[in-house]
Amino acid sequence: LRHLGRFAEAGRVAAHAAKATPPDHATSSHQLWSVIEHGISGHDAEARAIYAALPLGTADEHAWMHRLAEVITMFGDVQGIKDKSLVSRFGAAWERLRQAKSTHSEAFASAANERAYWRVAEGLALRAGAMARVRVALARRRSHLPFIALFLLLIVSQATRAIIKLAAMP
């Protein structure tokens, strides 16, 4: 379902499968996906609870997915973070995502893992705001020129609105 872009449905299936008893070979993978989907959706407490309940050995078995889940829970966990702004939290999460991608470069031979990486990056950027979304869009594209132009257009548009507002004031 994720390969078809049906993320909401895939999240519901993963949440159901993560609770399967007895656990099977795919249970830990579904648990990790549940952490990721809950975190992207802003359900941070649920994401942390599922992450904390992961069985030992999950990190070894699914190292790449475990790193994505770790980044998601770190983004949602504001305890102990000096600057709790979404933009700062996104900056830290973005850096960890890039490190994870570099560390697990062999995982990117799989198109599914590449899509998972961008799903997490874009999901966190949606939560963090416009600048984070621009940052991810620029990183995802090989040619930055169209996005730089779009970003400049956005700035000019915002400035124009502010000037019009000021001019309309008595």
Side-chain angles (χ1 to χ4, degrees), residues 1-21 23-59 61-104 107-108 110-141 147 150-151 154:
L1 294 171
R2 279 186 191 82
H3 298 298
L4 299 173
R6 295 163 52 188
F7 297 110
E9 190 176 350
R12 287 191 299 275
V13 169
H16 180 72
K19 297 173 187 166
T21 53
D24 64 16
H25 68 283
T27 302
S28 57
S29 175
H30 288 299
Q31 289 169 328
L32 288 166
W33 270 112
S34 289
V35 170
I36 290 168
E37 293 300 333
H38 280 304
I40 287 172
S41 302
H43 301 108
D44 299 320
E46 292 93 336
R48 281 192 304 278
I50 296 167
Y51 186 73
L54 287 172
L56 294 176
T58 304
E61 186 181 346
H62 303 285
W64 166 240
M65 293 295 294
H66 198 277
R67 286 298 299 273
L68 292 181
E70 178 185 57
V71 169
I72 288 278
T73 55
M74 181 210 67
F75 179 82
D77 185 13
V78 294
Q79 306 304 319
I81 297 175
K82 188 182 285 186
D83 184 353
K84 296 179 182 197
S85 76
L86 283 174
V87 174
S88 294
R89 288 169 33 209
F90 175 78
W94 177 245
E95 190 54 39
R96 285 232 176 136
L97 268 177
R98 291 177 56 205
Q99 288 171 358
K101 185 176 180 181
S102 172
T103 303
H104 298 282
F108 280 88
S110 159
N113 287 340
E114 180 80 21
R115 281 192 300 274
Y117 172 83
W118 290 111
R119 170 87 174 122
V120 169
E122 290 167 350
L124 293 178
L126 280 173
R127 289 185 62 193
M131 292 304 290
R133 289 192 299 273
V134 168
R135 189 173 177 184
V136 169
L138 287 173
R140 189 160 190 184
R141 306 299 187 257
F147 289 96
L150 181 65
F151 180 66
L154 177 70

Novice: Shortest non-hydrogen contact from I72 to I36?
Specialist: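 Minimum heavy-atom separation between I72 and I36: CD1-O, 4.0 Å.
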
Novice: For R67 and L97: C-alpha separation, side-chain torsions, deciding distance, then whether side chain to side chain contact (heavy atoms under 4.5 Å, CB included) applies.
Specialist: CA-CA 8 Å; R67 286 298 299 273; L97 268 177; over 6 Å; no

Novice: Residues two or more places apart in sequence or in another chain: which of them pass salt bridge (Lys or Arg N to Asp or Glu O under 4.0 Å) with R98?
Specialist: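 If we apply the salt bridge (Lys or Arg N to Asp or Glu O under 4.0 Å) test to R98, skipping adjacent residues, the hits are E95.
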
Novice: Tell me every residue that passes salt bridge (Lys or Arg N to Asp or Glu O under 4.0 Å) with E46, counting only those two or more places apart in sequence or in another chain.
Specialist: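 For E46 there are no salt bridge (Lys or Arg N to Asp or Glu O under 4.0 Å) partners, ignoring immediate neighbours.
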
Novice: Could you check whether the rings of H38 and H43 sit parallel, tilted or perpendicular, using 30° and 60° as the cut-offs?
Specialist: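 H38 vs H43 ring planes: perpendicular.
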
Novice: Not counting sequence neighbours, which residues clear side chain to side chain donor-acceptor pair (under 3.5 Å) with Q99? List them please.
Specialist: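 So Q99 forms no side chain to side chain donor-acceptor pair (under 3.5 Å) with any residue.
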
Novice: With rounding to the nearest 0.5 angstrom, report the CE to CG distance, M74 to L124.
Specialist: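 Atom-to-atom, M74:CE and L124:CG are 8.0 Å apart.
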
Novice: R133: what forms a salt bridge (Lys or Arg N to Asp or Glu O under 4.0 Å) with it, not counting sequence neighbours?
Specialist: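 Partners of R133 by the salt bridge (Lys or Arg N to Asp or Glu O under 4.0 Å) criterion come out as none, since no residue qualifies.
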
Novice: Begin from the C-alpha positions of F90 and V136 and carry the test side chain to side chain contact (heavy atoms under 4.5 Å, CB included) through to its verdict.
Specialist: CA-CA 11 Å; F90 175 78; V136 169; 3.5 Å; yes

Novice: Might you point out which heavy atoms bring A47 and T73 nearest each other, and give the distance in Å?
Specialist: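 So the minimum-distance heavy-atom pair works out to O-CG2, 3.9 Å.
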
Novice: When the aromatic ring centroids of H104 and Y117 are compared, is their separation below 6.0 Å?
Specialist: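 H104 vs Y117: aromatic centres not under 6.0 Å.
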
Novice: Partners of A14 by side-chain contact (heavy atoms from CB on, under 4.5 Å), sequence neighbours excluded?
Specialist: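 R2, H30, W33, S34.
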
Novice: Verify, without hydrogens or angle tests, whether R48 (side chain) and V35 (backbone) share a donor-acceptor contact under 3.5 angstrom.
Specialist: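 Answer holds: no.
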
Novice: Taking the side chain as everything from C-beta on, heavy atoms only, tell me whether L126 gets closer than 4.5 Å to I40.
Specialist: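 Heavy-atom side-chain distance check fails, nothing below 4.5 Å.
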
Novice: Tell me the closest heavy-atom pair linking M65 and L32, and the distance in Å.
Specialist: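 Heavy-atom minimum between the residues: CB-CD1, 3.7 Å.
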
Novice: Which residues satisfy the side chain to side chain donor-acceptor pair (under 3.5 Å) test with R119, sequence neighbours excluded?
Specialist: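 R119 satisfies side chain to side chain donor-acceptor pair (under 3.5 Å) with E37 only.
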
Novice: With sequence neighbours excluded, what pairs up with R12 under the side chain to side chain donor-acceptor pair (under 3.5 Å) test?
Specialist: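 R12 satisfies side chain to side chain donor-acceptor pair (under 3.5 Å) with no residue once adjacent residues are dropped.
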
Novice: Partners of E122 by side chain to side chain donor-acceptor pair (under 3.5 Å), sequence neighbours excluded?
Specialist: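 Only R140 meet the side chain to side chain donor-acceptor pair (under 3.5 Å) criterion with E122.
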
Novice: Short question: side chain of R89, backbone of F75 - any donor-acceptor pair under 3.5 Å?
Specialist: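 Present.
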
Novice: Which atom names give the shortest non-hydrogen contact between A93 and V71, and what distance separates them?
Specialist: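 In terms of heavy atoms, the two residues are closest at O-CG1, 3.6 Å.
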
Novice: Is the shortest heavy-atom distance from the side chain of D44 to the side chain of R127 under 4.5 Å?
Specialist: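 Side-chain contact under 4.5 Å: yes.
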
